[in-house]
Amino acid sequence: MELSKNYIPGEVETKWYAHWIKNGYFHSTPNEKKAYTVVIPPPNVTGVLHMGHCLNNTIQDILVRRARMQGFNPCWVPGTDHASIATEAKVVAMLRERGISKSSLTRDEFLAYAWEWKEKYGGIILQQLRKMGCSLDWERTSFTMDPDYYETVIKVFVDLHKKGKIYRGKRMINWDVRAKTALSDEEVIHKEVNGKMYYIRYRLDVANEEYITIATVRPETIFGDTAICVHPEDARYKHLVGKFAFIPMTNKLIPIITDDYIEMDFGTGALKVTPAHDMNDFQLGQKHNLEVVDIMNDDGTISDASPMYVGQDRIDVRKLIVPDLEAAGNLVKIEDYVHQVGFSERTEAIVEPRLSLQWWVDMKQLATPALEAVMSDEIKFHPAKFKNVYRHWMDNIKDWCISRQLWWGHRIPAWYDAEGNVYVETSLEKVYETYPETKGKNLHQDSDCLDTWFSSWLWPIEVFKGMSNPGNEEINYYYPTSTLVTAPEIIFFWVARMIMAGEEYMGKIPFKDVYFTGIVRDKQGKKMSKSLGNSPDLLGLIDQFGADAVRFGIMIASPAGNDLLFDESTIEQGKNFNNKLWNAAKLLKMWETRIEDTAVPEDAGFAMDWFQAKLSNTQNTVDELLKEFRLSEALKVIYSLIWDDYCSWYLEWIKPGFEQPMNKKVYENTIEFYDALLQLLHPFMPFITEEIHHALKTQTEDICVKLYAPKTSVNEQVLKAGELLQNVISTLRDARNKNQIKPKDAIELFIQTAHNAPYQTIQNILAKQINAATIQFTTTAIGSSIVVALEKDKFYLVADQAIDTVSLKENLLKDLAHQQGFLVSVDKKLSNVKFVQNAKPEVLAIEQKKKADALARIQTIEESLSQL
RNA sequence: GGGAGCAUAGCUCAGUUGGUUUAGAGCAUCUCGUUUACACCGAGAGGGUCCGCGGUUCGAACCCGUGUGCUCCCA
């Protein structure tokens, strides 16, 4: 079979993916082999593939494919997350476009639209993962709202409620005014914003006209003020404590109180306390029994609890109130002020602190074993620096607000009677059964649903039905999973909570290793995101360069534990690598046509021994690197082994002369070497490796399921000899170059050395690589030649052209200066008495050898110089 | 405000307990070369105050202190 001129990825990729699926290579069932389990971080059901997914899933595929080739039984479970708030926002937007408002629909009508949307757009991303070559077990595709999964989430809610770990409480929460729902702390993004600090004076309720000035960034909330607070030690205000002040533009009086929470040198040292609209003020209010005046509606407009601006948005009111305050004589000054503002992760609305009745998970007890599992390295984090981050969060853990005022999700299994009593059970029937007092009563279910993460924290368990069918064969076999690959930004949202759920419901950790990928950034270092529009079109890139090239590009640029600065040029490098692989295969196929079964030439024997050693050595290195999850380094090592060692050195060394026959034994070995290289590369670039594997010869198995050969020992001596040969070739090529000898012009080479033998074995290779017509050994200097010194040996190149003695001398002098400088530094050490006394013996020996080598080299160079 | 991390060639990064030839790789740059696998290529070269300062040590890119700059997390 002859290979096409260029490698064309498109068809090849489609062909092999279909072939792998047809053969069921990615489907796993429990067997006698050891399991290697990975659960995909379920992408949002509405999601499309972006660079983050690409990086994340390429890494998982590399781990899974390698495990498969190492003889594990790998199982990589795909699936999607219902993503309640993100999906609901999209469905609402879609309905709005059709002229339908959510409020005009019943819950069931809305959910019908949502499911319709899910069926239409959900799972696009799963198709895209196939294009990337991901070896997922598609028969196990899961969804966080599958019937069994749904039931499990409800069961867990009821169970935690029974254990007293879920409760209902009125607390300050983060309110998304656009989605009209509560958010967890983790869903709020704090950003620095250029704002203003407004200085507003409140007139005191005293006989003479006196004022107290406060500083605030939120003047629109003054009608919710219920106190002014100063520091008890603040001399400026001591005389005012206990008196009252009027809220500007009203005749409402609020007290002046003290608390040492106040920072005297911040603003004016006087704080307006608005318990309904600020987290800290709320706590202050509780402490001092202050009234709570909520002046905001759930959509962010001012409520009728306010005397003015009712029905207008709070952001607009901030602009309106300033001139009004000024007109009333209450505005003192305005300063520019940079401060942090919270935004909703999903809707980007400015988040309002709001007092609200919500459902909470008590996290304290759940956190204890989950923290211990990571600190003791039962679960290993890669890179380990995330252990610190994790501990810090766990030590300061707060209760988790899990109710969301949304319809798309798992509906909270709580029912209320007319008196407001709450009954938690898995269904209405169960409520009547468990709570006999409810008999005959009319109950209505809580209309809220649960935070998305309240279902995803069960993912590694429930994808194997570990909760809905406890103790089944699969959960016993696949759980705990092996490695979790995820983004560091969801360490609290997801990773921490999965560990908690694992400990709580399985009594076991959910995974043994967690690999945190970097964040994908663009060339300028900006995080890639849809909103910035700096995310490249991934499918376009795959079409243009092929999936293998994209996988290569993203992996080579992704050092372990660091962010990835994405640049299309690395994908181009991947494409070039494809081309290289293809051309090496073409060369082998060409040799196949002129095989001759004769004795193996000595130099080819050497080349094969050397490459075998190099291959074994690198296989060990790759093994070590992958054990430490240093994927990008492993890929670099493989890349260099193929491009430099195999193609540039080895293939050139065994290459027969023009139209000469190819030795059969050498050919067969060379094919086997190439196949081993492809196997090593396969997890990173699955498609082209499978294609070439089959192109090399008729194969009995696919590379994707071919097991790695057992490790072999490395012949260090041959490795060194090869290195020497490479050194000699490079040095002599450099000498040719510097003396402007044309590549076509052959030279005569004379070698002056104490040991002829090592050079004799390789002289044919040497002659070929430096274009030497003859190679001879000499014991004396050769006149009118180019002299090159390497180690203790000297090389004389005799060429037809005049020798540029000036530049030759220059080079030798440069080398001499370097060696002498080096000698000085070594001498300095060796003549230091303290060094000789304190250094370890082996260090001393090394320094002595350095000195001897340097002296020998200096002598060689000086001899060469004297001959010029 | 609290915490974590980073700073090595133009760029992206290695550099394992301090000593392994006065710091390595890939990409980019420059020179030469169209020799039948590959110009999506080959051969070669240049390029570094290891962020600044101070300290520990016989010896520091590496350890300690400090300053500067950047990034992330939490409030």
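Lettering of chains follows the sequences in order, A, B, ..., and the numbering in each one begins at 1.
Ion pairing of A:K655 with A:E652 is present here, as a side-chain N (NZ or NE/NH1/NH2) and a carboxylate O approach within less than 4.0 Å. A salt bridge does not link A:E723 with A:K720: every distance from a Lys NZ or Arg NE/NH1/NH2 to an Asp or Glu carboxylate oxygen is 4.0 Å or more. Under a 4.0 Å N-O distance rule, the pair A:E672/A:K697 qualifies as a salt bridge. A salt bridge does not link A:D278 to A:R218: none of the charged side-chain nitrogens sits closer than 4.0 Å to a carboxylate oxygen. A salt bridge does not link A:R354 to A:E352: none of the charged side-chain nitrogens sits closer than 4.0 Å to a carboxylate oxygen. Taking the charged nitrogens against the carboxylate oxygens, A:K850 and A:E847 do have a contact shorter than 4.0 Å, which makes a salt bridge.
For A:D734, taking side-chain heavy atoms from C-beta onward, the closest of the listed nucleotides B:rA45, B:rA14, B:rU35 is B:rA45. Each of B:rG19, B:rA37, B:rC73 was ranked by its minimum atom distance to the side chain of A:E652; first place goes to B:rA37. You'll find that the side chain of A:K385 is closest to B:rG5, out of B:rG5, B:rU35, B:rA37. Listed nucleotides: B:rG42, B:rA39, B:rU36. Nearest to the side chain of A:M590: B:rU36. The side chain of A:K586 has B:rA37 as its nearest neighbour among B:rA37, B:rG42, B:rC40. The side chain of A:I846 lies closest to B:rU20 when the candidates are B:rU21, B:rU20, B:rG3. Looking at the side chain of A:L651, the nearest of the listed nucleotides B:rA37, B:rG2, B:rU21 is B:rA37. Side chain of A:F835, nearest nucleotide from B:rU21, B:rG19, B:rC38: B:rG19. When distances run from any side-chain atom of A:K580 to the nucleotides B:rG26, B:rG42, B:rC40, the shortest one goes to B:rG42. For A:R857, the side-chain atoms get nearest to B:rU21 when compared with the rest of B:rU21, B:rC40, B:rC13.
A distance of about 14 Å separates the C1' atoms of B:rU17 and B:rA60, rounded to the whole Å. The same atom, C1', is picked in B:rU34 and in B:rG42; the two are 10 Å apart, to the nearest Å. Taking atom C1' in both B:rG1 and B:rC63, the straight-line distance is 30 Å, to the nearest Å. Taking atom P on both B:rU20 and B:rU56, the two are 22 Å apart, rounded to the nearest angstrom. Rounded to a whole angstrom, the distance from the C1' atom of B:rA39 to that of B:rU22 is 38 Å. Going from the P atom of B:rG2 to that of B:rG67 covers 13 Å, rounded to whole Å. B:rG52 and B:rA7 are spaced 12 Å apart, taking the C1' atom of each and rounding to whole Å. Distance noted for atom C1' between B:rC64 and B:rU57: 12 Å (whole Å).
Atom P of nucleotide B:rC72 and atom CD of A:E489 are separated by 11 Å, given to the nearest angstrom. Following rounding to the nearest Å, A:F552 (CZ) and B:rG26 (P) show an atom-to-atom distance of 12 Å. In this structure, the CD atom of A:Q573 is 11 Å from the C1' atom of B:rU12, given to the nearest Å. Residue A:K829 contributes atom NZ, which lies 9 Å from atom P of B:rU22 at whole-angstrom precision. Across the protein-nucleic acid pair, A:K5 atom NZ and B:rU36 atom P stand 13 Å apart, rounded to whole Å. Spacing between atom CG of A:N739 and atom C1' of B:rA45 amounts to 14 Å, rounded to whole angstrom units. Atom OH in A:Y390 sits roughly 22 Å away from atom P in B:rG3 (whole-Å rounding). Remark: C1' of B:rC40 and CD1 of A:I8 are 14 Å apart, rounded to the nearest angstrom.
Each of A:S569 and A:N737 has a nearest nucleotide on RNA chain B; the 5'-most of these lies closest to A:S569. Along RNA chain B, the nucleotide nearest to A:Y639 and the one nearest to A:N583 differ in position, and the one closer to the 5' end is contacted by A:Y639.
Within 4.0 Å of A:S640, counting heavy atoms only, lies no atom of the nucleic acid at all. Note on A:N838: a base of the nucleic acid sits closer than 4.0 angstrom, heavy atoms only. A:K655 comes within 4.0 angstrom of a nucleotide base, judged by non-hydrogen atoms across all strands. A:S730 comes within 4.0 angstrom of the backbone, heavy atoms only, and of no base. Using a 4.0 Å heavy-atom criterion, one finds that A:D853 contacts the bases of the nucleic acid, with or without backbone contacts as well.
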Worked check of ring-ring contact (aromatic ring centres under 6.0 Å, His included) between A:F381 and A:Y515: CA-CA 6 Å; A:F381 278 9; A:Y515 178 94; over 10 Å; no

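For B:rG52, the paired nucleotide is B:rU66, the pair qualifying as Watson-Crick or G-U wobble because both relevant distances are below 3.5 Å. A 3.5 Å limit on both hydrogen-bonding distances identifies no Watson-Crick or G-U partner for B:rA60. In a base pair of the Watson-Crick type (N1 to N3 plus N6-O4 or O6-N4) or a G-U wobble (N1-O2 and O6-N3), with each distance short of 3.5 Å, B:rG1 is matched with B:rC74. As the counterpart of B:rA39, no nucleotide is assigned, since no Watson-Crick or G-U wobble pattern has both distances under 3.5 Å. Under the Watson-Crick or G-U wobble criterion, with both distances below 3.5 Å, B:rG44 is paired with B:rC30. Within the shown strands, nothing qualifies as a pairing partner of B:rU17 under the Watson-Crick or G-U definition with both distances less than 3.5 Å.
Phosphate proximity of B:rC13 to A:R630: absent, as no side-chain N or O sits under 4.0 Å from OP1 or OP2. The phosphate of B:rC41 has OP1 or OP2 within less than 4.0 Å of a side-chain N or O from A:N576. The phosphate of B:rA25 has neither OP1 nor OP2 within less than 4.0 Å of any side-chain N or O from A:W643.
Taking both residues in full, the closest heavy atoms of A:L588 and A:Y667 are given as O-CE1, 3.3 Å, listed atom of the first, atom of the second, then distance.
Here the side chain of A:E13 pairs a donor or acceptor atom with the backbone of A:A547 at under 3.5 angstrom.
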